[in-house]
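Residue numbers start from 1 in every chain, and the chains themselves are labelled A, B, ... in the order their sequence lines are given, proteins ahead of strands.
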Protein chains: 2
Amino acid sequence: MKEINLVEKVKSKKLKVTPQRVAILEAIYMLDNHPTAENIIQYIGKNYPNIAVGTVYKVLESFVDNGLLNRVKTENDVMRYDPMVENHHHLYCCESDKIENFEDPELDHLIAEHFRKKKIKNFKIKDIKLQITGIFKNK
Amino acid sequence: MKEINLVEKVKSKKLKVTPQRVAILEAIYMLDNHPTAENIIQYIGKNYPNIAVGTVYKVLESFVDNGLLNRVKTENDVMRYDPMVENHHHLYCCESDKIENFEDPELDHLIAEHFRKKKIKNFKIKDIKLQITGIFKNK
DNA sequence: ATAATTGCAAAAGCTTTGCATGGCC
DNA sequence: GGCCATGCAAAGCTTTTGCAATTAT
């Protein structure tokens, strides 16, 4: 992703554009396996040896609050970050820590129709996410 | 749940039956909102003022390893424990920490059929769980 | 100019670990 | 009796917080 787009993304949320924020956002796009804060710190450590851990967490929090990132968490796992903020599901590898995004509008429609016809008692649905666990096959 | 059933549950996994294990298992059944380790420690603290935090974590881990409990984790949350080990989904309240179990075999079948007809490329599905977020309506 | 962001370091929160003691089978 | 579980306390790891210095707008 071009630097200019990263800057625009930060600007678009009315956040101050700092080198740290741009670097962190870039790292998340480069590390495309839903990186942890630790992954991000290591990645940008090459160019920002003195970046503060606290800064990374603060920036990540502000990105989440402003809809630039989503948090992803699983059993037995630390927090991970997902730059895809549009509605989607996740494929979890049960043999590694790989997580991949998954979109299937047809399935979403199927599920929505199901719940339109058969409501859950005493519950108003806002959002449905699938956690699909399995094994990635090598091509 | 009767004490005897709790004892049987522990025995059935070939785990030694100790008062702590029985108390912890009972607590999880009584605290029916997918309790945290902290919730459990507080609950059994009445009868076991000296129960060690480490013990609770060790017992929970062994219960999970032996299929007596499942772990449940969400964004921004600590680990919680679920005594229902059969396949099911979860309803998450977006205004509180309430989590409720949800079963819908018809929906499961619908989704299974969908993926039978339309496989995910390079991925072998082992399990599908729905995270349904919304609001619990008061009756 | 000024309000927000950063770095640093300390602290907090949850969970794990090691080891001696004690309890279950 | 032997082995496993417990209690205790320390440590580990991720994340948060406070504050002074710095930086973006």
task = List the steps, then state whether side chain to side chain donor-acceptor pair (under 3.5 Å) holds for B:Thr36 with B:Asn39.
result = CA-CA 5 Å; B:Thr36 63; B:Asn39 295 149; 3.1 Å; yes
Rounded to the nearest angstrom, tell me the gap between atom [atom1] in [X] and atom [atom2] in [N].
| X | N | atom1 | atom2 | result |
| --- | --- | --- | --- | --- |
| B:Asn39 | C:dC14 | CG | C1' | 13 Å |
| A:Lys58 | C:dA3 | NZ | P | 19 Å |
| A:Met79 | D:dT16 | CE | C1' | 13 Å |
| A:Arg21 | D:dT25 | CZ | C1' | 12 Å |
| B:Gln42 | C:dG13 | CD | C1' | 15 Å |
| A:Leu60 | C:dT5 | CG | P | 14 Å |
| B:Arg71 | C:dC14 | CZ | C1' | 12 Å |
| B:Ile40 | C:dC14 | CD1 | C1' | 13 Å |

task = Would you mind listing every side chain to side chain donor-acceptor pair (under 3.5 Å) that reaches into residues 44-61 of chain A, with sequence neighbours excluded?
result = none
task = Take A:Glu38 and A:Thr55, find for each the nucleotide of DNA chain D with the closest heavy atom, and name the residue whose nucleotide sits nearer the 5' end.
result = A:Glu38
message = Assuming nearest nucleotide by heavy-atom distance, tell me which of B:Gly54 and B:Val78 is located more 5' along DNA chain C.
response = B:Val78
query = Choosing from D:dC8, C:dC14, D:dT15, which nucleotide comes nearest the side chain of B:Ala52?
reply = D:dC8
task = Take B:Leu60 and B:Arg71 through the test side-chain contact (heavy atoms from CB on, under 4.5 Å) and record every step on the way to the result.
result = CA-CA 9 Å; B:Leu60 289 172; B:Arg71 289 192 221 265; 5.6 Å; no
ask   = Are B:Tyr57 and C:dT15 close enough that a side-chain N or O sits under 4.0 Å from OP1 or OP2?
value = yes
query = Has B:Gln20 got a side-chain N or O lying under 4.0 Å from the OP1 or OP2 atom of C:dG23?
reply = no
note = Here the pair of heavy atoms bringing A:Lys16 nearest to A:Arg21 is O-NH1, 2.9 Å
message = Among residues 10-19 of chain A, which ones have heavy-atom contacts with DNA chain C below 4.0 Å?
response = A:Lys16, A:Thr18
key: Exercise: do A:Asn101 and A:His34 side chains pair donor with acceptor under 3.5 Å   = yes
ask   = Parallel under 30°, tilted from 30 to 60°, perpendicular over 60°: which one fits the rings of A:Phe115 and B:Phe102?
value = tilted
request  = Scan A:Asn70, A:Asp82, A:Asp108 and name whichever one has a side chain to side chain donor-acceptor pair (under 3.5 Å) with A:His88.
outcome  = A:Asp82
